[in-house]
Undergrad: 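Dropping the structure in here first, questions after.
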Amino acid sequence: MESKKYLDDISHIKDMMSRSSRFISLSGLSGILAGIYALIGAWFAEKAMKSIAINGSRSYDYFSDANSIEFGNDIIFEFFLIAILVILAAMSTGVILSVRKAKRKNVKLWDTSSKYLVVNFFIPLLTGGLFCLVLLQYNLAGLVAPATLIFYGLACVNASKYTFGDVRYLGLANIIIGLVATQFIGYGLYFWALGFGVFHILYGSLMYSKYDRK
Amino acid sequence: MSIITNINKAFDHRIRLGIMSILMVNEYADFKMLKELLGATDGNLASHAKALEKEEYIKVEKQFIARKPNTRYSITKLGKLAFQKHINALEKLIGK
């Protein structure tokens with residue numbers, strides 16, 4: 001009877017300790033690199049668009065309003081490929097740098113706090129990804145860029161409870177420019193470059209100077 | 001019998017146990033964070049925190065952040081030691 005209470009106490013202590021501790025192995029450097037990858041991706045995407053505008057049989061004005069945008073399947077595929085490559089590069093860099101930081105600080109990388117972080121980050125993100133596929137299904141490609149920014153922002157805000165609180169501001173900034181981007185359809189690529197590129201670099205350098213360079 | 005004496009009465013409550021556990025792994029925690037994690041009411045949390053403060057196991061700092069009052073809790077050296085002893089005692093009791 002008594003020892004059951006003590007056992008409960010111990011598990012309560014363990015639970016509180018792991019739930020209240022935050023994942024701190026996220027490296028600022030991975031934010032900077034993710035931003036750079038995003039900018040490189042955006043550069044390739046723009047080149048792809050321009051080459052279609054020049055070589056395509058019909059003249060192509062991707063700055064025009066949403067109704068007249070008709071992305072061909074090729075360019076959507078190409079964008080898709082670029083996006084996947086950027087995401088893969090950013091994520092693997094993030095994981096590698098986190099592993100290194102965790103080793104240096106002598107903490108376990110895969111614990112309760114990082115599990116919470118990953119799960120809570122991916123709930124809005126996967127929702128957003130599926131939602132964007134639906135947008136493409138209905139030929140609303142112009143809304144994909146704002147939607148990705150908004151959902152990514154929500155993912156960051158959601159994840160911020162389980163890691164450095166500063167991620168929250170990165171998320172809020174992305175939500176805001178995502179909403180702004182809905183009013184400038186056709187300029188999606190530039191908003192992407194700003195949100196995923198410039199914001200990540202800014203955020204990463206801030207984090208790097210605040211937590212890593214000690 | 002000596003093990004039993006190591007069980008600290010000051011920690012003989014879920015909320016106090018929770019406060020100590022959270023402060024063991026965090027440099028500090030503010031009132032709101034403790035409240036959310038422990039699911040306690042304001043009055044309840046405040047009175048348990050006060051009891052721990054009285055024992056000098058935790059330290060309370062009141063300050064203003066952007067003109068809003070903010071109460072910040074952190075663990076003292078004494079608190080860390082006492083809690084560690086408490087955990088050891090618990091583990092020994094279960095081990096039997």
Side-chain angles (χ1 to χ4, degrees), chain A residues 1-26 28 98 101-102 104-117 119-121 123 157-169 171-173 207 210-214, chain B residues 1 3-40 45 48-49 52 57-58 65-66 70 72-75 79-96:
Chain A
M1 220 17 224
E2 277 285 279
S3 84
K4 165 99 177 62
K5 181 193 171 298
Y6 298 137
L7 204 63
D8 279 354
D9 277 1
I10 289 273
S11 66
H12 180 64
I13 290 168
K14 270 193 183 153
D15 181 47
M16 276 301 145
M17 281 183 171
S18 59
R19 268 210 293 160
S20 67
S21 59
R22 285 152 180 251
F23 181 67
I24 51 158
S25 297
L26 208 59
S98 293
K101 193 172 165 187
R104 207 173 52 224
K105 293 201 156 187
N106 221 351
V107 291
K108 246 173 73 184
L109 184 68
W110 192 243
D111 59 3
T112 327
S113 62
S114 54
K115 261 178 231 164
Y116 276 122
L117 173 68
V119 168
N120 285 288
F121 182 69
I123 291 171
V157 169
N158 208 34
S160 69
K161 287 165 236 161
Y162 306 98
T163 180
F164 299 113
D166 315 64
V167 176
R168 190 185 181 82
Y169 301 109
L172 289 176
M207 297 295 287
K210 198 167 164 186
Y211 298 105
D212 293 343
R213 223 183 45 201
K214 272 179 194 163
Chain B
M1 268 296 124
I3 301 164
I4 303 283
T5 56
N6 275 335
I7 290 288
N8 196 327
K9 281 233 178 62
F11 303 135
D12 198 19
H13 190 282
R14 269 299 147 87
I15 290 179
R16 292 187 203 177
L17 217 54
I19 295 172
M20 295 303 287
S21 312
I22 292 164
L23 294 180
M24 283 292 275
V25 291
N26 289 280
E27 209 176 317
Y28 57 82
D30 61 16
F31 195 82
K32 208 175 134 219
M33 178 184 169
L34 289 178
K35 211 179 105 175
E36 279 172 4
L37 280 165
L38 297 168
L45 177 55
H48 284 297
L52 289 172
Y57 289 157
I58 63 173
I65 295 178
N70 178 279
R72 218 160 90 156
Y73 298 93
S74 55
I75 199 164
K80 237 177 201 165
L81 234 75
F83 196 62
Q84 197 61 57
K85 233 161 118 185
H86 183 70
I87 292 178
N88 289 343
L90 284 178
E91 276 172 345
K92 269 190 194 140
L93 281 168
I94 296 162
K96 273 198 206 162

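In the text below, chain A, chain B and the rest are named by the order of the sequence lines, each starting its count at 1.
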Undergrad: Between atom CE of A/Met16 and atom CG of B/Leu38, what is the distance when rounded to the nearest 0.5 Å?
TA: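 With rounding to 0.5 Å, CE (A/Met16) is 5.0 Å from CG (B/Leu38).
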Undergrad: Hey, what do you get for CD1 (B/Ile22) to CE (A/Met17), rounding to the nearest 0.5 Å?
TA: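 Answer for the CD1-CE pair, B/Ile22 versus A/Met17, is 10.0 Å.
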Undergrad: Do you know which of B/Leu34, B/Leu23, B/Leu37 has the most heavy-atom pairs with chain A at a distance under 4.5 angstrom?
TA: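 Maximum pair count with chain A is reached by B/Leu37.
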Undergrad: So what's closer than 4.5 Å to chain A heavy atoms on B/Phe11: side chain, backbone, both or neither?
TA: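 Neither part, no heavy atoms under 4.5 Å.
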Undergrad: side-chain contact (heavy atoms from CB on, under 4.5 Å), that's the test. Do B/Leu93 and A/Leu7 meet it? Break it down for me.
TA: CA-CA 9 Å; B/Leu93 281 168; A/Leu7 204 63; over 6 Å; no
Undergrad: Considering distance alone, list the donor-acceptor pairs between chain B and chain A shorter than 3.5 Å.
TA:
from	atom 1	to	atom 2	distance (Å)
B/Asp12	OD1	A/Lys5	NZ	3.2
B/Arg14	O	A/His12	NE2	3.2
B/Arg14	NH2	A/Asp9	OD1	3.4
B/Asn26	ND2	A/Ser20	O	3.3
B/Asn26	ND2	A/Ser20	OG	3.0

Undergrad: For the CD1 atom of A/Ile10 and the CD1 atom of B/Ile87, what is their distance to the nearest 0.5 Å?
TA: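 Separation between the atoms: 6.0 Å.
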Undergrad: Need one label for B/Met33: side chain, backbone, both or neither, based on atoms under 4.5 Å from any heavy atom in chain A.
TA: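 For B/Met33, the contact with chain A is made by the side chain alone.
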